[in-house]
Amino acid sequence: MCGIFAYLNFHANKERRYILEVLFNGLRRLEYRGYDSAGIAIDDSLSRHPNQKCPSSSPPLVFRQAGNIESLVNSVNEEVTNIDLNLDEVFYFHAGIAHTRWATHGEPAPRNSHPQSSGPGDDFLVVHNGVITNYEVLKETLVRHGFTFESDTDTEVIPKLAKFVFDKANEEGNASLGEQTVSFCEVVFEVMRHLEGAYALIFKSWHYPNELIACKRGSPLLLGVKELNEDKNKNHVFKDAHFLSKNEHPKEFFLSSDPHALVEHTKKVLVIEDGEVVHLKDGGVSILKFENERGRRNGLSRPASVERALSVLEMEVEQINKGKYDHYMQKEIHEQPESLTTTMRGRLIRGGSRKPKTVLLGGLKDHLKTIRRSRRIVFIGCGTSYNAALASRPILEELSGIPVSMEIASDLWDRQGPIYREDTAVFVSQSGETADTLLALDYARDNGALCVGITNTVGSSIARKTHCGVHINAGAEIGVASTKAYTSQIVVMVMVALAIGSDTISSQTRREAIIDGLLDLPNKVREVLKLDEEMKDLAQLLIDEQSLLVFGRGYNYATALEGALKVKEVSLMHSEGILAGEMKHGPLALVDENLPIAVIATRDACFSKQQSVIQQLHARKGRLIVMCSKGDAASVSSSGSCRAIEVPQVEDCLQPVVNIVPLQLLAYHLTVLRGHNVDQPRNLAKSVTTQ
Ligand code: UD1
Ligand code: BG6
């Protein structure tokens, strides 16, 4: 989805070349989210010295391009040569903004890319993540006031509205040149009052040189602060409204919709809250906010200063690099033994001679009693996160004795399905920012349910809006196709089931066996990763196929859905996960000697039923690939020829973690062999922040 990045250097000499590189690099860090065009805005020469105030400021330079970041870089380089722009020119301070766009309103094209402009002269420029739902009404009004629109975007109303507000205030205020009667913040507040929908925005204007304004409602936005020459021993907790008060110390500020673009510059961040307006000016940061939504809309109340503290990003630069791997997806598949270890770290208590093994989830412990009393647990998520929840449903039902229902977030919202105060609604989301899941969360909160989050992103909207939850701590996941987050989500949900069921004596032996299984799981995943070459060979065999069916049931129905999702999203081969129990109710019609079918038949309560499925498929000359437990290859092939993939056997509820790995590897190799982009599959985004 769209990505925002901005860089402001204050009292720090930076060459234009450096500023451009910081902006481009910021965009590269956002690439993984998915995008189809990009753009930046930097200052022209005249506003480069501190003594040169508004009168000498001039319109910025705006570059926009469809395609990838490198197309933007090339077009900027060409333009730099054409207009003879000096890349060595040094800026004492400078505010640059950048954007990657994922087309929603209007095709990918330079005119639809961001920054969007207020019109000729580029008085106001805006980069936007989200959707403005009332843009048509705003556009009509602005057209009536003489504005001409150039793009098909919803975003364009924002800079134009800013110009309208600015011009009106200055007409009324009789401003003399360079003395604005309205502050940048006031302009933005007035604009925000008229916007409906979800947004994260950054405003740049040459009327307010070297200032930036960031604000948000719904979509994520972070501020990173780097004080140059800072005292390393200084305690960095800033608690007043101007938490970084104006001073002459050299600093760099970074704004981004994503921590990945910040971590290489600084770990000191502020997660901007909904409704806040963050103003970067003269080396200081001020935060203002309307007291409530009504205040925002009616314009009667004035925004007030807000106290905030910086937090520290728990992320390492290595996490956002590929290391020895060719692709992020490959790296993330192979690091699962480590990511699972981190997910479980400090949460499994090994017990002692008298004490049972148990689970400690700090984020849930105070809520377990309420959850146990709930009438129903509802899992809500999208895509891979939904599949992870589905994989965990049986063990949660078994250990809690509470009915567990499954909801795809958009469907729950579309139906306005019943959610009650007696429900526990569990929101599963890697990013913690998925728009459909967030809407469902607001809905469940409004209906009084206890809302629990399972997310990978500390500080994400879902982590903040839920009453409690568990971070999966899988580390940054950059490949669009979710892999390590999926296995960590399952492990967390199994731990949630163990924690909820921990007051039941009768299931203690079962729980302890699962805990032993969890402790050994990273080793088992390490073992299954050795199938890499075998899965590459299989991918070679399947390279020209049109379709792949995946049959699973019980715990591994989710594996079938998730395996098929992986194959289709990255290798662009049609693939469908099918509940094996439904085979005779339609899918059997597709079976012939050509269509490849993967059947998951590892040992669990459904094993004998899956054997019967295999026999029936053999009887119809199905072209089978069977995933079975170690030592079962001969028996699964006894009724007909098939390719067997043997995987280590683990506790039934943990088997989906092991079983998905060969399918992740298959999807990866198929994609590379078919020549597609593994990390940024066509048309897909990592974090789907619009409905
Ligand atoms: C927490 C700390 C961890 C520390 C550990 C030591 C954080 C983020 N985690 O981990 O660094 O090592 O204590 O005891 O500071 N939450 C939600 N919704 C969500 C996810 C989480 O509300 O979707 C809440 C939880 O209820 C909890 C907090 O966020 O209050 C942190 O959750 P989590 O990181 O899972 O807690 P711990 O594992 O205890
Ligand atoms: C997108 C991603 O579709 O959103 C998937 O490409 C992901 O990988 C899905 O499963 C849900 O995202 P999240 O962040 O809510 O888990």
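Ligands are counted one by one from 1 in listed order, and the atoms in each one are counted from 1 as well. One is the number of the first residue; the rest follow in order along the sequence.
Residue Ala463 has at least one nitrogen or oxygen atom sitting less than 3.5 Å from a nitrogen or oxygen atom of ligand 1, judged on distance alone. Close N/O approach between Asn473 and ligand 1 is not found [any backbone or side-chain N/O within under 3.5 Å]. At least one N or O atom of Gly469, backbone or side chain, sits closer than 3.5 Å to an N or O atom of ligand 1. Remark: ligand 1 and Thr455 share no N or O pair separated by less than 3.5 Å (distance only, no angle test).
Look at Arg347 and you'll find a heavy atom under 4.0 Å from some atom of ligand 1.
In this structure, atom 15 (O) of ligand 1 is not in close contact with the protein, since no protein heavy atom lies within 4.0 Å of it. Checking atom 39 (O) of ligand 1 against the protein gives a heavy-atom contact under 4.0 Å. Shown here, atom 25 (C) of ligand 1 is in close reach of the protein: a heavy atom of it lies under 4.0 Å off. Distance check for atom 4 (C) of ligand 1: every protein heavy atom is found at 4.0 Å or beyond. Protein heavy atoms are found less than 4.0 angstrom from atom 34 (O) of ligand 1. The protein reaches atom 8 (C) of ligand 1 closely, with a heavy atom under 4.0 angstrom from it.
The pair Lys465-Asp442 meets the salt-bridge criterion, with a side-chain N (NZ, NE, NH1 or NH2) lying under 4.0 Å from an Asp/Glu carboxylate O. The existence of a salt bridge linking Arg464 and Glu273 is confirmed by a sub-4.0 Å separation between a basic side-chain nitrogen and an acidic carboxylate oxygen. For Lys322 and Asp326, the salt-bridge test fails: no basic side-chain N is under 4.0 Å from an acidic carboxylate O. With respect to Glu264 and Arg29, a salt bridge is recorded, a charged nitrogen being found less than 4.0 Å from a carboxylate O. Between Asp274 and Arg217, no side-chain nitrogen of the basic residue sits less than 4.0 Å from a carboxylate oxygen of the acidic one, so the salt-bridge criterion is not met.
Between Val550 and Ile578 there is no side-chain heavy-atom pair separated by less than 4.5 Å. Taking the side chain as every heavy atom from C-beta outward, His334 and Asp532 approach each other to under 4.5 Å. Side-chain contact check for Glu276 versus Arg308: some heavy-atom pair is nearer than 4.5 Å. Side-chain contact between Lys357 and Leu348: absent, with no pair of heavy atoms (C-beta onward) separated by less than 4.5 Å.
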Candidate pair Leu222 and Ile272, rule side chain to side chain contact (heavy atoms under 4.5 Å, CB included), full reasoning: CA-CA 6 Å; Leu222 295 105; Ile272 303 174; 5.9 Å; no

Glu433 vs Ser460, side chain to side chain donor-acceptor pair (under 3.5 Å): CA-CA, chis, key distance, verdict: CA-CA 6 Å; Glu433 301 294 349; Ser460 63; 4.7 Å; no

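In terms of protein heavy-atom proximity, atom 18 (N) of ligand 1 is closest to Thr466 OG1, 2.8 Å. Scanning the protein heavy atoms around atom 30 (O) of ligand 1, the nearest turns out to be Gly363 CA, 4.2 Å.
Counting only residues at least two apart or in different chains, side chain to side chain donor-acceptor pair (under 3.5 Å) contacts with residues 562-571 comprise Thr384-Glu562, Thr384-Lys566, Asn387-Glu562, Glu562-Lys566, Lys566-Glu569.
Compare Lys465, His471, Glu314 by their heavy atoms: the one nearest to atom 11 (O) of ligand 1 is in Glu314.
A cation-pi arrangement is absent between Arg393 and Phe379, since the terminal nitrogen or guanidinium carbon is not both under 6.0 Å from the aromatic centre and inside a 45° cone about the axis.
Sorted by chain and number, the heavy-atom contacts of ligand 2 below 4.0 Å come from Cys382, Gly383, Thr384, Ser385, Ser429, Gln430, Ser431, Thr434, Val480, Ser482, Ala685, Lys686, Val688.
Proximity to Gly362 (heavy-atom distance under 4.0 Å) selects the following atoms of ligand 1: 39 (O).
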